[in-house]
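In what follows, residues are counted from 1 in the order of the sequence shown. Keep in mind that this is a model prediction, so the values were computed, not measured. These numbers come from the heavy atoms of this one structure, side chains and all, not from hydrogens, waters or symmetry mates.
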Amino acid sequence: MHQVAVVTFDGFNELDSFIASALINRCRKDGLEAFITTPTPVVTSMNGVEVTGQRPMEFVTEADVVLIGSGVKAHEVVADDRLISRLPLDPSRHLIGAQCSGALVLARLGLLTGMPACTDRKTRPFVEAHDITVLDTPFHAEGNIATAGGCLASPYLATWVITRTLGETAARDVLDYVAPVGENEETVERALGAVHGGEIALR
C-alpha cells in the first residue's frame, strides 16, 4: 500500500487538500491511499470549516508521498521553525508535491533550489523572493518533486501521484470517472497533458 500524506495546515484551502485526497482515494483498492495530515488534531479552513486530521504530522516520515496544501496562513507556517522541523522530507525516498502557497514550504525546506516552480498569482512574488523562477504553467515536476499553481490544478498533482505510483491507466480511470459528463476524454487528456508536459526526468 502506497500512503499519501496530504499536509493540511490551519487556514487551509479546501479545494487543494480535498480534491487531491479524494481523487487519490479512488485508488484504495489498487493500493494507494491518502490521509489528511495535520499539525494539530483539528484545523480550520480559510472558510471556517473545521476538520479533524486523519493522521498527525509525524505520519510524513511513514508516507511514500507527501503533498503540501496551501492556505491563508502559509507565511505563518514558513516562519514557524518548530513546525517546519516536523517536515523531514527527502526526495530520495518521498514523492513530494506542493499546491499553490505550499511551494513556499518547499522553498523554506530548500527543496526547490535549482528548479522552477508553479504557484498561485498571490504567492508568486514571495516564491520569487527565494530566487526561484515561477512558471506561467499549472504544473511542473523534476524527478520526485512537483508543484502546481491554481486551485483547480490540484487534479494535476493527484494525476502525477497516481501515474507515478500506479501507472497512467489508473490515472485515466480516475479522471474518466470524475470528469463532467460529456467532457470525459477532454478532461483526461488535459490532465495527463499537463502532467507529461510539465514533467522533467532526473538527468
Side-chain angles (χ1 to χ4, degrees), residues 1-21 24-25 32-46 51-120 123-124 126-132 134 139-149 151 153-154 156-158 160-161 164-165 202:
M1 175 69 76
H2 297 285
Q3 298 187 104
V4 183
V6 181
V7 177
T8 303
F9 300 106
D10 207 42
F12 72 95
N13 184 319
E14 301 95 331
L15 293 173
D16 296 347
S17 290
F18 294 157
I19 291 176
S21 61
I24 291 167
N25 278 329
L32 179 65
E33 188 168 15
F35 300 91
I36 299 296
T37 301
T38 57
T40 54
V42 176
V43 291
T44 303
S45 79
M46 60 191 292
V51 173
T52 300
Q54 296 172 289
R55 294 290 187 274
M57 191 72 93
E58 289 68 27
F59 175 64
V60 300
T61 61
E62 303 174 33
D64 306 287
V65 182
V66 179
L67 301 182
I68 309 294
S70 74
V72 295
K73 296 185 178 181
H75 295 286
E76 295 175 31
V77 170
V78 297
D80 187 333
D81 291 341
R82 191 166 74 170
L83 183 53
I84 288 295
S85 72
R86 297 172 70 187
L87 290 168
L89 304 186
D90 181 354
S92 70
R93 66 184 187 86
H94 290 125
L95 288 180
I96 301 168
Q99 177 70 42
C100 291
S101 62
L104 282 175
V105 176
L106 297 195
R108 174 72 167 75
L109 292 168
L111 294 172
L112 297 179
T113 302
M115 66 178 284
C118 299
T119 191
D120 61 278
T123 307
R124 179 172 187 151
F126 301 102
V127 174
E128 290 175 332
H130 287 269
D131 294 324
I132 295 165
V134 174
F139 179 85
H140 181 75
E142 292 189 20
N144 289 341
I145 299 176
T147 52
C151 299
S154 52
Y156 301 162
L157 204 54
W160 177 71
V161 171
R164 286 291 305 270
T165 54
L202 281 178

Rounded to the nearest 0.5 Å, how far apart are CD of Glu14 and OG of Ser154?
12.0 Å
Looking at Asp120 and Ser101, what are the two nearest heavy atoms and their distance?
OD1-N, 3.4 Å
Do you know which two heavy atoms are closest between Thr165 and His2, and how far apart they sit?
O-NE2, 3.9 Å
So, taking the atom named OG1 in Thr61 and the one named CG in Leu87, what distance separates them when rounded to the nearest 0.5 Å?
10.5 Å
Are the side chain of Arg86 and the backbone N or O of Pro39 linked by a donor-acceptor pair below 3.5 Å?
yes
Nearest heavy-atom neighbours spanning Met1 and Leu32:
SD-N, 3.5 Å
Sorted by chain and residue number, the ring pair (Phe, Tyr, Trp, His ring centres under 6.0 Å) partners of Tyr156 (sequence neighbours excluded) come out as none
What closest approach, in Å, do Gly149 and Cys118 show between heavy atoms, and which atom pair accounts for it?
N-CB, 3.7 Å
Nearest 0.5 Å, what's the CD-CG distance between Gln99 and Leu15?
9.0 Å
Are Pro41 and Thr52 side-chain neighbours, meaning at least one heavy-atom pair lies under 4.5 Å?
no
For the pair Thr8 (side chain) and Val6 (backbone), establish whether a donor and an acceptor sit closer than 3.5 Å, ignoring hydrogens and angles.
yes
With sequence neighbours left out, which residue pairs that include part of residues 51-85 fulfil the ring-ring contact (aromatic ring centres under 6.0 Å, His included) condition?
Phe35-Phe59, His75-Phe126
Nearest heavy-atom pair of Thr37 and Met57: which atoms, and what distance?
CG2-CA, 3.8 Å
Quick one: does Thr147's side chain get under 4.5 Å of Leu112's, heavy atoms only?
yes
Please round to the nearest 0.5 Å and tell me the distance separating atom CZ of Arg124 and atom SG of Cys100.
13.0 Å
Kindly say whether Ile36 contributes a backbone atom to a donor-acceptor pair with the side chain of Gln54 at under 3.5 angstrom?
yes
Supply the atom-to-atom distance Leu89 CG to Ile84 CD1, rounded to the nearest 0.5 angstrom.
9.0 Å
Are any non-hydrogen side-chain atoms of Leu104 and His130 less than 4.5 angstrom apart?
yes
When you compare the side chain of Leu83 with that of Phe9, does any pair of heavy atoms fall below 4.5 Å?
yes
If you round to the nearest 0.5 Å, how far is CD1 of Ile24 from CG of Leu157?
7.0 Å
Show the nearest heavy-atom pair for residues Ile96 and Pro91, with the distance to one decimal.
CD1-N, 3.7 Å
Please list all pairs passing the ring-ring contact (aromatic ring centres under 6.0 Å, His included) test where one or both residues lie in residues 85-111, with sequence neighbours left out.
none
